[in-house]
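Scroll down for the structure; my scribbles are underneath it.
Just so you know, these numbers come straight off a predicted model, no measurement behind them. In the text below, chain A, chain B and the rest are named by the order of the sequence lines, each starting its count at 1.
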Number of protein chains: 2
Amino acid sequence: MSDQEGRFREYLGAKGLRITPERQAVLTAVLGIQGHFTADQLYLRLERKNPRASRATVYRTLEHLVGSGLVDKVDLGGQQAFYENFYGREHHDHLICLGCGEIIEFTSRAIEELQDSVCREHQFEARSHSHKILGHCRKCH
Amino acid sequence: MSDQEGRFREYLGAKGLRITPERQAVLTAVLGIQGHFTADQLYLRLERKNPRASRATVYRTLEHLVGSGLVDKVDLGGQQAFYENFYGREHHDHLICLGCGEIIEFTSRAIEELQDSVCREHQFEARSHSHKILGHCRKCH
DNA sequence: ATTAATGCAAATTGTTTGCACGGTC
DNA sequence: GACCGTGCAAACAATTTGCATTAAT
């Protein structure tokens with residue numbers, strides 16, 4: 001059993017939620033994806049597996065995975081939500097290529113610090129943030 | 001005729017688009033709103049005016065207003081798009097209060113500069129960005 | 001046994017679109 | 001008169017939800 005599986009079971013147990021084959025299948029599928037994915041892409045991967053999971057269950061389970069900290073939900077703009085495997089990772093932000101759709105991750109301690117000072121100035125207590133830069137990647141300009 | 005009206009007419013003219021009472025009404029309504037608004041809030045204001053404008057026209061006109069640079073479309077998260085009067089204003093980002101929904105604007109030259117250097121590192125050509133911080137404002141914590 | 005979870009399809013939400021009619025250039 | 005713009009209602013797309021059934025505890 002992977003660390004992630006353990007963490008998920010723990011999370012479910014602590015909330016009085018059940019460990020079902022569908023939830024396991026969703027987690028396994030998530031672990032098999034690298035990079036960002038949508039709920040529907042995840043569903044498509046599970047559609048013909050056994051056990052499978054319906055779209056509704058995919059959405060519902062994704063929420064629990066986010067709750068457990070195993071998955072991060074990122075808003076990359078557009079109408080659909082994106083998710084990514086977050087186990088053992090740190091917060092990061094994104095450069096999004098308008099040409100090929102590539103998503104480049106970045107982190108900047110300096111930006112985060114400035115962010116904090118902006119919040120301080122406004123007596124604002126930050127809980128999360130989203131910082132995305134749209135443009136064209138090396139290959140696309 | 002306000003500067004904004006002039007600018008809008010100019011924009012429409014340059015594109016071979018027509019100046020209609022509905023488009024004027026939408027512009028007038030937009031100018032009468034301060035702060036951020038949704039397409040639907042705008043529609044509601046126009047619903048019982050004369051001339052009025054349908055939801056479809058509100059959406060369609062909003063796109064032209066964004067195109068002309070008079071209005072800025074901002075993604076504040078959630079499912080609906082927000083807009084704001086942008087005439088004579090500079091780019092800015094947002095602190096969004098999860099408690100009362102208040103939206104505080106901020107700008108930081110230093111952050112923008114760091115952003116530029118992040119892009120340079122990745123050979124990424126930025127076209128726009130969106131930086132939002134979610135949390136609780138002074139009144140809400 | 002109890003009570004949560006699933007699948008399905010219907011419902012929601014915000015926005016877009018097809019089309020017949022009316023108005024602007 | 002040509003053609004764009006409008007309103008309406010239907011279409012959409014992503015996500016959520018109600019409900020009867022199935023299964024984990």
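Glu102(A) has a carboxylate O that lies under 4.0 Å from a charged side-chain N of Lys139(A), or vice versa, which qualifies the two as a salt bridge. With respect to Asp72(B) and Arg89(B), no salt bridge is recorded, no charged nitrogen being found less than 4.0 Å from a carboxylate O.
Of all nucleotides listed (dG7(D), dT6(D), dG7(C)), dG7(C) comes nearest to the side chain of Thr57(A).
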For nucleotides 22-25 of chain D, print each protein N/O atom paired with a nucleotide N/O atom at under 3.5 Å, atom names and distance only.
{"from": "dT25(D)", "atom 1": "OP1", "to": "Ile19(A)", "atom 2": "N", "distance (Å)": "3.3"}

Short N/O separations, protein against nucleotides 12-15 of chain C, under 3.5 angstrom:
{"from": "dG14(C)", "atom 1": "OP1", "to": "Gln80(B)", "atom 2": "OE1", "distance (Å)": "3.4"}
{"from": "dT15(C)", "atom 1": "OP1", "to": "Ala81(B)", "atom 2": "N", "distance (Å)": "2.7"}
{"from": "dT15(C)", "atom 1": "OP2", "to": "Tyr59(B)", "atom 2": "OH", "distance (Å)": "2.7"}
{"from": "dT15(C)", "atom 1": "O5'", "to": "Tyr59(B)", "atom 2": "OH", "distance (Å)": "3.3"}

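Residues Glu47(A) and Tyr43(A) have side chains in contact (heavy-atom distance under 4.5 Å, counting atoms from C-beta outward). The closest side-chain heavy-atom distance from Thr61(B) to Glu22(B) is not below 4.5 Å.
Residues His36(B) and Glu84(B) bring a donor and an acceptor atom of their side chains to less than 3.5 Å of each other. For the residue pair His131(A) / Gln115(B), a side-chain donor-acceptor distance below 3.5 Å is found, with atom types taken as modelled. Under 3.5 Å, the side chains of Gln24(B) and Arg9(B) contain a donor-acceptor pair of N or O atoms.
When each of Glu63(B) and Glu22(A) is assigned the nucleotide of DNA chain C with its nearest heavy atom, Glu22(A) is the one assigned upstream, toward the 5' end.
In this structure Glu63(B) satisfies the salt bridge (Lys or Arg N to Asp or Glu O under 4.0 Å) test with no other residue, sequence neighbours excluded.
One atom, NE2 of His64(B), and another, P of dT16(C), lie 12 Å apart when rounded to the nearest Å. A straight line from CG of Leu42(A) to C1' of dA14(D) spans 15 Å, rounded to a whole angstrom. Rounding to whole angstrom units, CG of residue Leu62(B) and P of dG5(D) are separated by 16 Å.
Side-chain N/O atoms of Arg60(B) and base N/O atoms of dG7(D) include a donor-acceptor pair closer than 3.5 Å.
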